[in-house]
Amino acid sequence: MTVSAAPETLAHLSLPDLQQQLQTSDQGLNQSEAERRLAQDGHNQLPETTVSPLKQFLSHFWGPIAWMIEAAVILSALVGDWVDFGLILALLVANGVVGFWEEFQAGNAIAALQAKLALQARVKRDGSWTTVPARELVAGDVIRLRLGDIVPADVRFLAGDPVQVDQSALTGESLPVECQVGDVLYSSSILKQGELDGIVYATGGRTYMGNTARLVASAQTVSHFQRAVLKIGDYLIVIALVLVVVVFMVALFRGDPWLTTLRFVLVLTVASIPVAMPTILSVTMAVGAQRLAKKDAIVSRLAAIEEMAGIDILCSDKTGTLTLNQLTLGEPFCVGDTTPEDLILNAALASRDEDSDPIDLAIMTGLKPEQSLESYRIVHFQPFDPVGKRTEATVETTNRDRFTVTKGAPQVILALSSNVEQVQPQVDEAIAQFAQRGFRSLGVARTDESGNWQFLGVLPLFDPPRSDSQLMIQEVRKLGVNLKMLTGDQQAIARETAHQLGLQGDILDASLMETVAPHEAGRVSAAIEAAAGFAQVFPEHKYRIVEVLQQRGHLVGMAGDGVNDAPALKKADAGIAVSGATDAARAAADIVLLSPGLGVIVEAIQESRRIFQRMNNYAIYRITETIRVLLFMTLSILVYNFYPVTAIMIVLLALLNDGAIISIAYDRTRPAQRPETWNMPVVLGLATILGIVGVASSFGMLYLGEQVFRLDRDTLQTLIYLKLSIAGHLTIFVTRTKGPFWSIKPARMLLMAVLGTQVLATLIAVYGLFMPPLGWGLAGVVWAYGLAWFLIADWVKQRAYGVFNHAQPVYVSRGLKRLNQWFAHAPNP
């Protein structure tokens, strides 16, 4: 039997209609029918999609930069340059291994969600109760749930007294909800009080939890880091292709040998490849991840660091994230001569801490240190009854005096009390004020000498904010990040919490997203963008909120701790699981906080912005160098019919320069006070300008070597090699700051790495390893020349940043805006 009706339909059918639809009864199924349905419908477990490690590994050899490297490998083999072939192939494999290892380390959110299912279930088969693995449950089974049980599938309440169910892991609701016959109990909920029989109507992927799992699985996002690398690759490929076509046309016109032309194409291809760029950017993020780990923020997806730097909206779950997820007593309302201490004491006598009931525990913690319950003996205790809505205890003192205390719903307690007429107006007013502030009210009464109930007062209960939540919100605002609160609680509670946290703006009911007409979609999206928070939120609402904000051009962070947060955590550009989060939330998140408190979120944003600046600086440097070498080599062959450097020199430049620039991962930077994202027009524009400056300086060096020093062509190539190496590394000190190069002191490791590799490059040129020797005199000239052009490039950079500033004329801003839109919407390969 395959259930034809959707789970949403089955959840609302009457019980007789449900039994008819599922072809079952109060006696459940027989074993043979259950086995047949299990074989037909599958096990009661969440579907899991896996990708083979081999396929994951091979995927890192597909893409623009990988294609460029692979083309260079093929060309090296065609022309017989086996040294180049081995070096370039090694770089290709190294990039693939680093990328694969990063992906392999990622957690599996689906597996964590699956672990939330109950392991065993009590089910009625063949008319008798038996225990079976929860994964063997099928639609139509009748199961029994007891106190503390995890609901193993989506169930309709069949028989029993009203029960209390904890759905906080699914809905974020901080208080247990009452369920009665006919109600729905969702998979992964926990039975807090009572016992019931239920009919399973949805299992596995058809459950509410299964829908949540599908949301997690579908929340695949391409990081802005990946897009930036692709755009840079596209840009360099276009330049390389144009230059190669021009060279081929000129070579055909000149009648150059095809082998000579092919060798040049090889050199040009190698020069155009930012070979180590993906690796260096990944290493930069990995080093940043280690720094975040020291602050108890564990990064599970490296690209999330770059996303974290750019988030301008942070959505945060309320319960357990902004609040403690612990009920706390507010300031009590007392009647007559009753003091707050007496009110709490009488409420505590009507409580039992051994039941671990959240309300009882909150009351117990409200007792003063000098108040002891040891002088009282509980003669009889009546636990909370969902129908009566109160607890009651008969208490005996050391003097053998007896009285009875009760606590529960205020209206129920008032109905018992003999002084109801005198106190009801003021009690109703107090309850109304508590409700407006989002508090849950609890009435307390005690019998007098005559045995009559006397109403004592009202205890307000609330889930208090974390001590550092308000400070965190203020700090993220200073960083240009707007926080939105998401909660499953009622609007009144959400508004009070928002007020306590200092959130400005309206708190919307999430139900407004459920039935949106097409013509109202824009208005609803604008309301979501403007709201300070949302109440009565379910997992699909959180997912939708994040999605809408992303569609409106925001980079969205999501902070949460429960299974209900998992879809939104994975959908967000940067998902943050706070301390104490469930396994599902941790697996879906990009960053996991290990220590309590939210201050580390601020530190994570600041650190991620430092890391982003290092990556941005390196990207500008790498593109600058690629353009410099490409244009210089192409113009040299076209104008002078001269190869300024050999293929092995290009490979040496890549190894020495990129090898040292890995140390940029440890460079000093200052965190920006606004979100930082990849601004490709500025990155590519500045890199192009600096690249052209570099081309001019290289031709100046070529002129000096040929016309002034009268060097032969082979020695001239060594001179140009040393110039490109020195100027290339000095460029990193230009691109690492927006102001003068001395405005931020470079890290000692970066400085030492650059000096070390340039000393090595100088020794190679001076003594002629892989090339004709240059000598110390000419090497000194190259160093002086390179330093002079370094100062010129730094001046040009500062002027260029001024042009890119938004305060410049309209035609400049419009041109940059259009270029940015082109990069934003250009299709990815």
Side-chain angles (χ1 to χ4, degrees), residues 164 175-176 178 193 326-397 401-435 437-464:
Q164 293 286 313
L175 294 171
E178 181 180 311
Q193 285 187 354
Q326 297 174 359
L327 286 178
T328 303
L329 282 177
E331 188 65 32
F333 169 77
C334 300
V335 172
D337 296 332
T338 306
T339 64
E341 290 78 10
D342 289 340
L343 182 64
I344 295 173
L345 175 62
N346 283 281
L349 291 173
S351 306
R352 281 202 303 203
D353 57 356
E354 61 265 27
D355 287 347
S356 298
D357 180 85
I359 294 177
D360 288 359
L361 292 177
I363 293 172
M364 291 296 185
T365 57
L367 291 170
K368 298 290 184 181
E370 62 272 12
Q371 290 180 302
S372 174
L373 300 182
E374 294 181 358
S375 57
Y376 301 93
R377 185 172 70 89
I378 307 300
V379 178
H380 178 265
F381 185 84
Q382 177 182 317
F384 180 81
D385 176 8
V387 177
K389 298 184 181 300
R390 67 186 182 94
T391 64
E392 181 179 307
T394 301
V395 184
E396 186 177 89
T397 66
D401 294 331
R402 280 198 178 193
F403 59 91
T404 307
V405 290
T406 186
K407 73 176 192 312
Q411 299 306 322
V412 172
I413 305 301
L414 277 171
L416 293 174
S417 304
S418 59
N419 60 339
V420 58
E421 294 182 359
Q422 296 93 331
V423 303
Q424 183 153 12
Q426 51 186 319
V427 170
D428 287 343
E429 183 181 354
I431 294 173
Q433 290 178 354
F434 286 142
R437 296 173 57 194
F439 292 117
R440 178 176 178 175
S441 296
L442 196 69
V444 182
R446 171 174 170 163
T447 55
D448 55 18
E449 295 82 356
S450 305
N452 297 319
W453 288 107
Q454 297 295 319
F455 193 88
L456 301 180
V458 179
L459 293 175
L461 296 168
F462 70 103
D463 182 13

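Heads up: numbering here begins at 1 and tracks the sequence.
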- Item | Minimum side-chain heavy-atom gap Leu349-Leu373 below 4.5 Å | yes
- Query: Can you check whether Phe439 reaches Leu461 side chain to side chain, under 4.5 Å on heavy atoms?
  - Reply: no
- Task: Give the intermediate values and the outcome of side chain to side chain contact (heavy atoms under 4.5 Å, CB included) for residues Leu343 and Phe333.
- Result: CA-CA 9 Å; Leu343 182 64; Phe333 169 77; over 6 Å; no
- Task: Mind listing the closest non-hydrogen atom pair of Ser441 and Val458 along with its distance?
- Result: CB-CG1, 3.6 Å
- Query: If we only count heavy atoms from C-beta on, is the Lys407 to Arg390 side-chain gap below 4.5 Å?
  - Reply: no
- Task: Locate the shortest heavy-atom distance separating Glu331 from Phe434; write the atom from each residue and the value.
- Result: O-CZ, 3.7 Å
- Task: State whether the side chain of Ser417 and the backbone N or O of Val420 hold a donor-acceptor pair below 3.5 Å, judged by distance alone.
- Result: no
- Item | Atom pair CG/CD1 of Leu327 and Ile363 - distance to nearest 0.5 Å | 9.5 Å
- Of all the heavy-atom pairs spanning Ala393 and Phe381, show the shortest one and how long it is. CB-CD1, 3.8 Å
- Note on the structure: Between the CZ atom in Arg377 and the OG1 atom in Thr394, the distance rounded to the nearest 0.5 Å is 10.5 Å
- Query: Is there a donor-acceptor contact under 3.5 Å from the side chain of Thr391 to the main chain of Ser351?
  - Reply: no
- How many angstroms lie between atom OG1 of Thr406 and atom CD1 of Ile413, to the nearest 0.5 angstrom? 4.0 Å
- Task: Output the distance between atom CZ (Arg440) and atom CZ (Phe462), rounded to the nearest 0.5 Å.
- Result: 14.5 Å
- Query: Is there a side-chain contact between Val395 and Ile378 (heavy atoms, below 4.5 Å)?
  - Reply: yes
- Task: For the residue pair Val444 and Thr338, establish whether any side-chain heavy-atom pair is separated by less than 4.5 Å.
- Result: no
- Message: Name the residue from Asp337, Val335, Asn346 that meets the side-chain contact (heavy atoms from CB on, under 4.5 Å) definition with Leu456.
- Response: Asn346
- Do Glu341 side-chain atoms and Lys368 backbone N/O form a donor-acceptor pair below 3.5 Å? no
- Query: Residues two or more places apart in sequence or in another chain: which of them pass side-chain hydrogen bond (donor to acceptor under 3.5 Å, both in side chains) with Thr365?
  - Reply: none
- Should Gln422 and Val427 count as side-chain neighbours, where that means a heavy-atom distance under 4.5 Å? no
- Note on the structure: In terms of heavy-atom contacts, Pro460 and Pro332 come closest through CD-CA, 3.7 Å
- Of all the heavy-atom pairs spanning Pro410 and Phe455, show the shortest one and how long it is. O-CE1, 4.2 Å
- Query: Below 4.5 Å, heavy atoms only, C-beta onward: do Leu367 and Ile344 meet side chain to side chain?
  - Reply: yes
- Message: Tell me whether Thr447 contacts the main-chain N or O of Thr404 through its side chain, where contact means a donor paired with an acceptor under 3.5 Å.
- Response: yes
- Message: Any heavy-atom pair between the side chains of Gln454 and Ser418 that's under 4.5 Å?
- Response: yes
- Task: Begin with the C-alpha distance, continue with both residues' side-chain angles, and end with the deciding distance and a verdict on side chain to side chain contact (heavy atoms under 4.5 Å, CB included) for Leu345 and Tyr376.
- Result: CA-CA 11 Å; Leu345 175 62; Tyr376 301 93; 3.7 Å; yes
- Message: Counting only heavy atoms not in Glu370 (residues, nucleotides, ligands), do more than 12 fall under 6.0 Å from its CD?
- Response: yes
- When you measure from the side chain of Asp360 to the backbone N and O of Arg352, does any donor-acceptor pair fall under 3.5 Å? yes
